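Structure first, commentary second.
Note on naming: letters A, B, ... go to the chains in the order of the sequence lines (proteins, then strands), and numbering restarts at 1 for each one. Just so you know, these numbers come straight off a predicted model, no measurement behind them.
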2 protein chains.
Amino acid sequence: MTTPGAGPKGWEAIRAEVLRRIDRREWAPGAVIPPEAELAEEFGVARATVNRALRELALQGVVERRRKAGTRVATHPVRRAVVEIPVTRLEVEGRGQCYAFHLTGCALVVPPPPVLARLGLAPGSRMWHVTTLHLADGRPFLYEDRWLNPAPLPAGFDPSEPALSINEWLVKNVAYTYGDIAFSAEPASEGEALQLDVPKGAPVFVIERTTWAGEVPVTLVRLAYGPGYRLRTVL
Amino acid sequence: MTTPGAGPKGWEAIRAEVLRRIDRREWAPGAVIPPEAELAEEFGVARATVNRALRELALQGVVERRRKAGTRVATHPVRRAVVEIPVTRLEVEGRGQCYAFHLTGCALVVPPPPVLARLGLAPGSRMWHVTTLHLADGRPFLYEDRWLNPAPLPAGFDPSEPALSINEWLVKNVAYTYGDIAFSAEPASEGEALQLDVPKGAPVFVIERTTWAGEVPVTLVRLAYGPGYRLRTVL
DNA sequence: TTCGATAATATGTCTGTACATATTAATCGC
DNA sequence: GCGATTAATATGTACAGACATATTATCGAA
């Protein structure tokens, strides 16, 4: 339903038009599309505007761009989707449910070797091990199993008496820059099954996240969501 | 390891510096940071450069921007992560495994009402129902359950004899613009269990995707991944 | 006091020009 | 012909100025 006269203006219009041509196979997958300068002239806009539009499309994986080689329509649609990793409290409250959480464990111990290896810490290092059960309307919603590196934490930190959830506390108090996230479906472990009130081995949606403050590992956390949880994308 | 003199240049340097100040709590969560013009002057760059940096941070959910209100550090770190939804064949081949697929079902039938409702089609509409098992090194990797709207497809289309997987065929031959994706962990249905060679009820990682060509629904597909599958993100 | 019009402001975007950079294409010497 | 150097080219980024737009703050009238 491409209304010629109306529609968006500026770089979004350029993006839409390029997308339309790709969809109509005027520009076939794998083919090189005209250079920015040419498109700019055709559309009567500055090259920067075309650049913005094409850059956006490249971000979504619709086209691939390389210097000198030009811009070509992606043959393999590695579509990129943006997912929002929400703060649990807000997610629960956003559903109109009542949020609460409950500390189920907290100790300063030596984690199993895989955890240390994953974070690049020396064998034998001690870390906080904090487990939290998050509740929505009093029912188990998410079981959180977190390892915390004491190093970047303020001195005298004691995670056993938080006013906020550990995650929110961290966000407010500890620097962290980047990390990586993995999603998977896994059978509920014994502990998770108990806490989430599901049979052992039942499917739980798992988000595993590591975060770093510069070079220093901050935390490794495993979030196990109860049944029915869905992670959606925008765009 | 913030090397003062070296490091990136241009807008990436601005982004890094802003991120650093946020990390060090020089700009606290919730606080408004100086306007673009001011930062541009401080860093000795054009406002457009600062804009680019801040726009990028807003995209990642680190800051929130609103006209006139200014830019403020996100209090609730709704971190956005970009996930790549790969083409199965490439994903398998990327692991150095041998890819194959096997059509397990194909029929033009009236889908269950939820499917039609989800796609906004009239009750009683007929759709292609195509199920495919994707194999990695001969072992079940992914079970695909797809509903295809015949309307946007070329006349005389017959999905029962594809040279490529349906997904790749679609990408090359049917226009599609946008869609939405949801991730979840679900117990394997009887059929999925059989095809993926896992016990019934075992956890499968499910990606459910709907795609649209403009106003016309194209396909609704449920991808059930076998055990051990992980979806990773960068950033 | 409160509601509504108005001004002020920060971001959003566009333009045109300029230079940087990566990569391909062409050219030259052998 | 073939390999190495050089030129050409398309994108990446920067800049300064300008106008658009959303939203807040202010001020005046009822």
Side-chain angles (χ1 to χ4, degrees), chain A residues 5-19 21-22 27-75 78 80 82 234-235, chain B residues 5-19 21-22 27-75 78 80 82:
Chain A
K9 291 173 181 178
W11 69 268
E12 295 198 283
I14 308 293
R15 179 182 61 177
E17 174 60 17
V18 170
L19 208 50
R21 292 187 187 180
I22 291 174
W27 292 336
V32 177
I33 76 176
E36 291 182 351
E38 217 167 289
L39 292 176
E41 192 181 11
E42 181 195 336
F43 295 132
V45 299
R47 187 170 77 89
T49 308
V50 175
N51 182 284
R52 174 78 190 269
L54 293 181
R55 186 151 39 82
E56 213 78 11
L57 286 173
L59 203 84
Q60 291 172 33
V62 176
V63 300
E64 288 166 6
R65 323 193 68 200
R66 267 168 50 217
R67 282 179 178 168
K68 163 74 181 178
T71 303
R72 60 182 55 215
V73 181
T75 43
V78 186
R80 294 179 180 84
V82 178
V234 285
L235 244 182
Chain B
K9 291 175 181 178
W11 68 268
E12 295 197 309
I14 309 293
R15 179 181 61 177
E17 173 60 18
V18 170
L19 207 51
R21 292 188 186 180
I22 290 173
W27 293 335
V32 177
I33 76 177
E36 290 182 352
E38 215 167 291
L39 292 176
E41 192 181 10
E42 180 194 337
F43 294 132
V45 299
R47 186 169 77 90
T49 308
V50 175
N51 182 284
R52 175 79 189 272
L54 293 181
R55 184 150 40 78
E56 214 78 9
L57 287 173
L59 203 84
Q60 292 171 31
V62 176
V63 300
E64 288 167 5
R65 322 193 71 198
R66 269 166 50 216
R67 283 180 177 165
K68 164 71 181 179
T71 303
R72 60 182 56 216
V73 181
T75 42
V78 187
R80 294 180 183 84
V82 178

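A distance of 13.5 Å separates OG1 of B/Thr49 from CZ of B/Arg15, quoted to the nearest 0.5 Å. Atom CD1 of B/Ile14 and atom CG of B/Leu39 lie 8.0 Å apart (nearest 0.5 Å).
Residues from residues 32-46 of chain A lying near DNA chain C, meaning a heavy-atom separation below 4.0 Å, are A/Gly44, A/Val45, A/Ala46 in numerical order.
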Working for side chain to side chain contact (heavy atoms under 4.5 Å, CB included), residues A/Ile22 and A/Val63: CA-CA 9 Å; A/Ile22 291 174; A/Val63 300; 3.8 Å; yes

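The phosphate of D/dT13 (OP1 or OP2) has no side-chain N or O of A/Asn51 nearer than 4.0 angstrom.
Both A/Lys68 and A/Arg65 lie near DNA chain D, and the one whose nearest nucleotide falls closer to the 5' end is A/Lys68. Position along DNA chain C of the nearest nucleotide to B/Arg66 versus B/Ala48 favours B/Arg66 as the more 5'-ward residue.
Residue A/Glu12 contributes atom CD, which lies 14 Å from atom C1' of D/dA20 at whole-angstrom precision. Atom-to-atom, CZ of A/Arg55 to P of D/dG12 comes out at 8 Å; the value is rounded to the nearest Å. One can place CZ of A/Arg72 at 12 Å from P of D/dT11, the figure rounded to the nearest angstrom.
Checked against salt bridge (charged side-chain N to carboxylate O under 4.0 Å, His left out), B/Glu42 has the following partners two or more places apart in sequence or in another chain: B/Arg21.
The stretch residues 62-71 of chain A participates, sequence neighbours left out, in these salt bridge (charged side-chain N to carboxylate O under 4.0 Å, His left out) pairs: A/Glu36-A/Arg65.
Scanning DNA chain C 5' to 3' for nucleotides with an atom closer than 4.0 angstrom to a non-hydrogen atom of chain A gives a first and last hit of C/dT13 to C/dT24.
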I'd like a table of donor-acceptor pairs (distance under 3.5 Å, sequence neighbours excluded) in which one partner is a side-chain atom from residues 28-35 of chain B, with atom names and distances.
none

Only distances under 3.5 Å count here; give the side-chain donor-acceptor pairs of residues 52-59 of chain B to other protein atoms, sequence neighbours excluded, each with its distance to 0.1 Å.
| residue | atom | partner | partner atom | Å |
| --- | --- | --- | --- | --- |
| B/Arg55 | NE | B/Asn51 | OD1 | 3.3 |

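Within 4.0 Å of B/Arg47, counting heavy atoms only, lies at least one base atom of the nucleic acid.
You'll find the side chain of B/Val62 reaches within 4.5 Å of the side chain of B/Leu19, heavy atoms only.
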